[in-house]
Amino acid sequence: MPGLKCALTCLLVLATGPLIVFADEKEDHFEARIRPVLISSCVRCHGESKASGTLRLDSREGLLKGGESGPAIDAGKPEESRLIKAIQRHEDVSAMPPEKEKGLRPDQIAAFVTWVKEGAMWPAKTARLEAPRHWAFEPIRAVAPPDVKDTAWIKNGIDSLILARQEAAGVHPAAPADKIALIRRMTFDLTGLPPTPEEISAFEQDPSPQAVEQVIERLLKSPHYGEHWGRHWLDLVRYADTAGENSDHPLPHAWRYRNWVIKSFNDNQPIDVFLREQIAGDLIAADGPVEKYADRVVATGYMAIARRFGHDIDKDMHLTFEDTIDTLGKSMLGLTIACARCHDHKFDQISARDYYGLYGIFESTKFAFPGCEPKQQPRDLVPLLPPDEFARSIKPVLDQAASLDASIKNLSDELVGTARQLKELATKKVTSLSTGTIDDGGSAPFTANSGEQDSTGHIAVKRGDVIQLAITPRANHGADSTLVEFAITEVGGDARQWSVADLIDDFPTANPRTDRYGNAATWSYFDTRDGFAFLPENLDVIDGRRELKAWRNGDTPSIFVNTAKEPVKVWTTLPPRSFFMHPGQSGPVAIAWLCPFDGTITITGKITDAHPSGGDGVGWVLEQFHSLPVDPNATEKPLDFASAFTRTAEQRQALNAARKQRADMGPQLAVPVGFAVVEGEPRNTRLQKRGEPADLGDEIPRKFLDVLGGQTLQDGKTSGRRELANWITSPTNPLTTRVFVNRVWQWHFGRGIVTTPNDFGSRGVPPTHPELLDYLTAEFIRSGWNLHALHRLIMLSAAYRMSSAQHSHSPDLYASFARRRLTAEELRDSLLMVSGQLDPTPGAAHPFPPEASWSFSQHGPFAAEYETAKRSVYVMQKRNRRTRFFSLFDGPDPNASTPVRDVTIVPTQALFFLNDPFLHTSADKLAARLAVAPTDRDKIDLAHQLVFGRPASPDQVTDATEFLRDNPWPAYCRVLLSSNEFLFVD
Amino acid sequence: MMPRRQVIQSAVAGSLLMPGILQQLLADDSPGAIEPPPGVNDPLAPRKGHFPAKAKNVIFLFMTGGVSHVDSFDHKPRLYQDVGKEVKLDHPEIKNRPGYERIFLKRPQWDFQKHGECGTEVSTLFPHVAGCVDDIALIRSMHTDHSNHYNATLGMHTGSFAFARPSIGAWTSYGLGTENRNLPSFVTIAPAQTYAGTQVYASDFLPGAHQGTLVVPGAEPIANVAPRVGRTQQERELAALSKMNQKHLATRSDDPQLAARIKSFETAFGMQMAVPDAFDLTKESDATLQLYGLPRGSSSGFGWQCLMARRLVERGVRFVELIDTGSSGNWDSHGDMMDHARLAKNVDQPIAALLKDLKSRGLFEDTLVVWTTEFGRTPFNNTAEAKGREHHNWAFSSWLAGGGVKRGCAYGETDEYGIRVAKDGVHVHDFHATILHLMGLDHTRLTYRHSGRDYRLTDIHGNVVRDVLA
């Protein structure tokens with residue numbers, strides 16, 4: 001048979017040319033041409049650890065079975081095979097590999113065509129196809145220092161790893177930086193501020209070998225260290241002081257998280273603890289001690305400050321969870337996990353199951369609620385007291401407050417209801433008695449003039465009727481203070497008289513109020529814009545004048561009196577012992593008299609414009625609302641004016657009492673709260689197909705990323721945040737420490753060893769110095785995740801102390817130190833500091849308006865800016881309206897994790913230096929500071945010391961002297977503050 | 001055409017204090033001549049697109065609040081006949097909304113007429129724009145993803161309806177750079193902030209140089225462009241600064257970022273003249289001012305904005321956006337549709353003037369004019385007598401005019417009541433793809449790598465609407 005086979009195949013070879021290969025050649029072809037490509041380009045996403053589209057390409061069976069789109073190959077028919085079409089990048093299938101730049105070469109594609117045509121031979125004995133693990137997921141390796149020639153340059157382990165690469169490339173390290181450049185570099189690096197002249201001269205005059213170390217120790221103890229390094233972390237967690245939903249609600253408690261971050265750096269909190277507390281601080285807090293309770297709860301602001309979306313943010317929480325997962329992935333793990341919301345990650349080994357495994361953890365967590373347009377007030381703020389302490393001291397008070405709030409609301413609703421009923425009642429039977437207008441500054445008397453009067457102006461009244469005098473605005477120009485005289489006289493009987501003059505004494509007593517004959521609720525003051533709303537608020541003092549008293553609803557409408565026997569001059573002159581009515585801009589104010597008897601009355605009155613201004617005058621309307629006959633058969637007594645007024649009086653009294661009680665509780669309720677999270681209802685979530693919350697797939701257990709171990713929860717009784725915090729900081733997870741250490745390197749050298757610090761995945765850039773990264777990481781772990789120790793290691797290296805004079809064209813080699821522009825914050829803080837304006841004390845809460853007053857909308861979003869002379873980290877930052885200065889100088893993005901600050905140099909920045917009032921003010925103040933120096937020469941020197949941290953050189957003194965002959969000192973200061981030397985750190 | 005060269009020459013003439021500046025400023029006048037120094041990322045250098053562009057500049061007119069399509073550009077005769085007829089719809093604005101259990105067709109409050117040779121129907125709300133229909137490609141089949149102002153406005157500007165992303169002006173600047181280095185590449189002229197605030201003109205993850213420069217009508221339209229000291233004083237300070245910086249640079253091996261910053265002061269110095277020159281209307285003729293309905297001396301109003309847009313594109317600004325009103329008091333006529341009359345009156349004559357002015361100056365062929373809003377308004381309401389209309393993202397009208405745009409055509413249709421798109425729907429992503437296409441940019445290839453992913457204005461969507469191309 002072998003012979004026959006040979007003969008046949010030989011014939012076939014002749015017939016079809018070079019496409020035909022022999023069996024063992026087929027094996028060779030597979031091993032040499034197919035396997036390497038499958039390993040390097042395919043099985044990472046279509047293999048054992050991840051099977052994108054449920055397709056696996058690590059066995060022949062997998063290829064034939066295919067995935068969601070069908071079989072990958074049709075053995076013998078390359079033109080029918082999806083795999084071939086995919087690598088040929090046909091339009092009707094998804095091109096593979098997806099990254100165009102990683103597409104297969106023509107010869108590789110040809111090899112696959114041949115292989116499929118020949119039956120897709122898969123050797124029976126062949127090694128398993130496994131993708132090499134991505135470097136970032138490999139354990140941290142021990143690094144031996146490489147041999148270098150220039151051993152004298154080496155100060156520590158960093159240097160040999162840097163130098164070895166330089167020597168291989170034939171490059172020499174730059175000379176050490178001079179002391180002045182070095183202290184300026186160290187001070188900006190650790191505190192974000194320039195060194196003071198005193199600090200510089202102390203360092204210059206310290207010849208000891210420990211001088212650098214001592215400066216580092218001094219800077220690490222400065223409170224400004226945490227402000228600068230805290231800002232680095234706040235960049236990563238897209239910290240902002242507003243929520244980012246459509247109306248950008250303020251977050252009045254977020255500052256506690258900001259300050260906690262700053263304090264954590266100042267306290268040199270071990271970084272694993274720092275990370276764990278941000279995810280599970282509330283749970284860790286329960287373990288005690290009680291002194292740490294508040295801080296640990298505040299730490300979970302990390303999650304609570306996630307961005308909110310849309311109009312009713314409760315409806316878009318899936319986006320907020322995405323934002324949380326995205327930020328968690330980038331800031332702690334250096335991974336872009338959020339891509340897996342809609343589909344398995346296209347490039348990394350992260351599946352949609354991974355994403356929803358984390359999603360369930362956050363969905364089982366209750367985030368503090370910031371407020372949004374339809375739900376203005378915040379809720380679920382987290383008390384910074386342990387639960388038992390809270391239950392003992394605060395909970396009863398809160399419960400009482402809640403019940404008071406409920407009764408206040410009920411009483412208010414009842415009052416509104418009564419006002420509406422009265423409006424209805426007043427339309428039943430009405431007699432118009434008198435109407436008219438007066439012009440600006442005018443005056444007019446009036447008498448009642450109804451159809452039922454006799455010639456003497458007598459008006460028949462019944463007990464329970466209401467006589468109402470309303471003052472109406474005309475052209476809404478305001479300035480409608482109206483002097484009112486108004487008297488009702490009983491005809492016959494006791495000839496009693498009622499007059500508004502009677503009301504002047506004891507004016508604030510009540511509304512409605514009793515008359516001088518003891519009849520209840522005889523007089524009432526109304527805002528009649530919407531029914532009969534009793535003017536709710538009484539004032540004992542107006543414009544600081546105790547003799548003026550008022551009832552009012554808001555500023556207007558109002559009724560007020562001058563109780564003094566003399567005129568009072570305020571916005572206009574108010575005559576002695578006088579009674580005024582002031583309508584609202586959009587509606588009248590009224591006084592009503594409830595008739596206490598059946599009989600006859602006469603009415604006289606006069607109105608006078610007491611504040612001629614605005615040119616529009618006012619009008620009056622005098623009406624009688626008749627009480628209605630009561631049906632004797634009615635089971636329920638219908639509402640009448642008398643009972644409504646009395647009831648209102650009682651309700652108002654109760655309401656005022658409740659309000660006072662509630663207001664008195666204020667101080668007891670001042671529980672400090674955090675914008676933080678607590679446990680919610682623990683549950684697994686269901687996968688959202690293509691990221692659509694309405695299209696649900698399988699339930700996904702809460703879990704960690706498969707690529708980092710895929711750990712799941714022991715039991716499902718908690719959210720899983722404590723476990724997540726431990727998984728992230730587990731010693732078996734090499735990613736968290738590598739990612740953090742890389743950032744620290746970047747924040748010192750301006751460039752990460754991995755230059756994509758938020759992306760350590762396959763789309764990120766591999767490390768320029770993998771051994772250095774592992775060396776630093778190992779040292780960091782050995783020190784107990786001690787950041788200050790890492791600073792010392794880095795800053796004491798020779799590499800850190802190189803000069804930047806020589807511009808290096810290959811930054812990967814670190815042949816010189818990279819000069820850098822100040823960040824937006826450093827620029828602002830330096831301008832404040834050198835000009836003596838900086839307030840160095842820590843910031844606290846922002847002066848947001850009180851929560852109860854919020855009514856932000858997409859039409860009128862929160863948009864305030866608050867000036868401060870404190871450091872920039874304490875400036876209030878909004879999500880939807882960025883502060884111009886910070887966006888001009890490439891400040892952080894408050895909506896997304898910012899791993900690296902861009903450095904753009906654009907003319908609009910130069911315009912800031914030329915013309916911005918802040919720059920000009922700073923120059924003026926700097927010039928004023930120079931006055932302490934006795935001579936011009938000393939002033940020039942001091943200016944250089946303050947701005948550049950060095951004395952002026954002789955030719956600079958010459959230049960300056962020449963300039964100052966024709967120009968004032970502030971002009972010179974503007975030049976210094978605009979210079980490159982000020983803006984850049986060598 | 002423009003005296004910029006002279007302005008600069010006269011400004012710097014005789015000044016020996018800054019010998020480099022004059023040369024620099026004048027050199028910048030030749031388009032495409034700018035090479036960034038090695039090692040410096042110069043994001044604004046003019047670049048060629050993916051294919052030859054039909055237009056060089058964009059003027060993007062955004063009407064805040066949601067313009068009613070059935071009252072303006074989408075004539076629906078059945079809506080006049082069937083007023084009061086009840087309709088049943090699963091509409092986002094009525095779902096679970098108390099009082100909206102039943103909805104009824106509402107009659108448009110303006111009448112339509114055919115205009116121009118093309119016969120496109122436009123209502124009496126826009127009499128002046130109606131006179132320009134022969135130059136316009138009207139799209140009556142626009143639709144968008146969200147019925148909320150904030151989200152729809154963000155979507156119309158960034159292609160993203162929830163997340164902060166670069167705006168279309170920033171993408172255009174990123175794709176093409178700019179021709180005039182004395183002016184920003186992307187300018188937004190807005191009397192007040194629209195929905196979503198600064199996000200609508202932000203560069204987001206694109207380099208900051210591409211973010212829109214905000215111009216607020218009034219005394220100092222661009223921040224810090226007005227010199228705070230006299231010219232001679234400033235020249236002396238700049239000369240001293242230049243000398244100081246040159247000495248600093250000399251000992252730092254000509255670090256290109258230091259050199260770039262020195263140059264940025266020269267450009268800024270030029271901007272101080274170029275910007276006021278661009279904003280100075282004294283040399284505009286009475287006839288031009290009248291065309292825009294702009295009283296002489298006025299520096300506000302939409303007429304001023306439109307005239308400024310022409311002057312800015314004339315000077316090579318790549319993308320100018322005009323926003324007519326802020327996030328309140330705008331086209332959001334829930335209460336009374338008659339408020340549309342006030343808003344239309346504000347923009348109608350100026351827009352028509354802009355089109356005519358661009359034509360008479362030979363700029364029309366190089367300029368793409370875009371008119372849009374964030375969504376339409378419901379052809380129905382909860383009573384037929386209701387005075388207002390609600391938000392409607394299912395259909396609305398926008399239009400294009402100018403460079404590369406087919407003249408006098410109407411594309412796409414809505415159903416008989418203007419409720420849904422019936423034919424040739426154009427999603428916001430398609431609209432964006434078409435605008436980029438006219439600018440010579442392929443929306444699938446205009447990408448930016450950010451946090452591990454290539455981002456596009458059109459995300460993974462968008463088709464160029466070929467039928468509106470000339």
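Residue numbers begin at 1 in each chain, while the letters A, B, ... track the order of the sequences.
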- Query: Among B/A162, B/S327, B/G197, which has the most heavy-atom pairs under 4.5 Å with chain A?
  - Reply: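 Greatest number of close heavy-atom pairs with chain A: B/S327.
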- For chain A, which of B/G326, B/P227, B/A209 has the most heavy-atom pairs under 4.5 Å?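 The answer is B/P227.
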At a 4.5 Å cut-off on heavy atoms, which part of [X] comes close to chain B: side chain, backbone, both, or neither?
{"X": "A/K330", "answer": "side chain"}
{"X": "A/D916", "answer": "both"}
{"X": "A/S857", "answer": "neither"}
{"X": "A/E245", "answer": "backbone"}
{"X": "A/F912", "answer": "both"}
{"X": "A/F948", "answer": "side chain"}
{"X": "A/P968", "answer": "side chain"}
{"X": "A/N246", "answer": "both"}
{"X": "A/D759", "answer": "side chain"}
{"X": "A/N880", "answer": "both"}
{"X": "A/H311", "answer": "both"}

- Message: Under 4.0 Å between a side-chain nitrogen and a carboxylate oxygen: does that hold for A/D316 and A/R308?
- Response: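 No.
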- Message: Among B/T194, B/D332, B/N330, exactly one meets side-chain hydrogen bond (donor to acceptor under 3.5 Å, both in side chains) together with B/T64. Which residue is that?
- Response: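 Per the side-chain hydrogen bond (donor to acceptor under 3.5 Å, both in side chains) rule, the option paired with B/T64 is B/T194, out of B/T194, B/D332, B/N330.
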Only pairs under 3.5 Å count here: list side-chain donor-acceptor contacts from residues 975-986 of chain A, not counting sequence neighbours, and write none if there are none.
{"residue": "A/S978", "atom": "OG", "partner": "A/R974", "partner atom": "O", "Å": "2.7"}
{"residue": "A/S979", "atom": "OG", "partner": "A/L976", "partner atom": "O", "Å": "2.7"}
{"residue": "A/S979", "atom": "OG", "partner": "A/F982", "partner atom": "N", "Å": "3.3"}
{"residue": "A/N980", "atom": "OD1", "partner": "B/R261", "partner atom": "NH1", "Å": "2.8"}
{"residue": "A/N980", "atom": "ND2", "partner": "B/L258", "partner atom": "O", "Å": "3.2"}
{"residue": "A/E981", "atom": "OE1", "partner": "A/R950", "partner atom": "NH2", "Å": "2.7"}
{"residue": "A/E981", "atom": "OE2", "partner": "A/R950", "partner atom": "NE", "Å": "2.6"}
{"residue": "A/E981", "atom": "OE2", "partner": "A/R950", "partner atom": "NH2", "Å": "3.2"}
{"residue": "A/D986", "atom": "OD1", "partner": "A/S804", "partner atom": "OG", "Å": "3.4"}
{"residue": "A/D986", "atom": "OD1", "partner": "A/R819", "partner atom": "NE", "Å": "2.6"}
{"residue": "A/D986", "atom": "OD1", "partner": "A/R819", "partner atom": "NH2", "Å": "3.4"}
{"residue": "A/D986", "atom": "OD1", "partner": "B/R252", "partner atom": "NE", "Å": "3.3"}
{"residue": "A/D986", "atom": "OD2", "partner": "B/R252", "partner atom": "NE", "Å": "3.0"}
{"residue": "A/D986", "atom": "OD2", "partner": "B/R252", "partner atom": "NH2", "Å": "2.7"}

- Item | Part of B/A240 lying under 4.5 Å from any heavy atom of chain A |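 Both the backbone and the side chain of B/A240 come within 4.5 Å of chain A.
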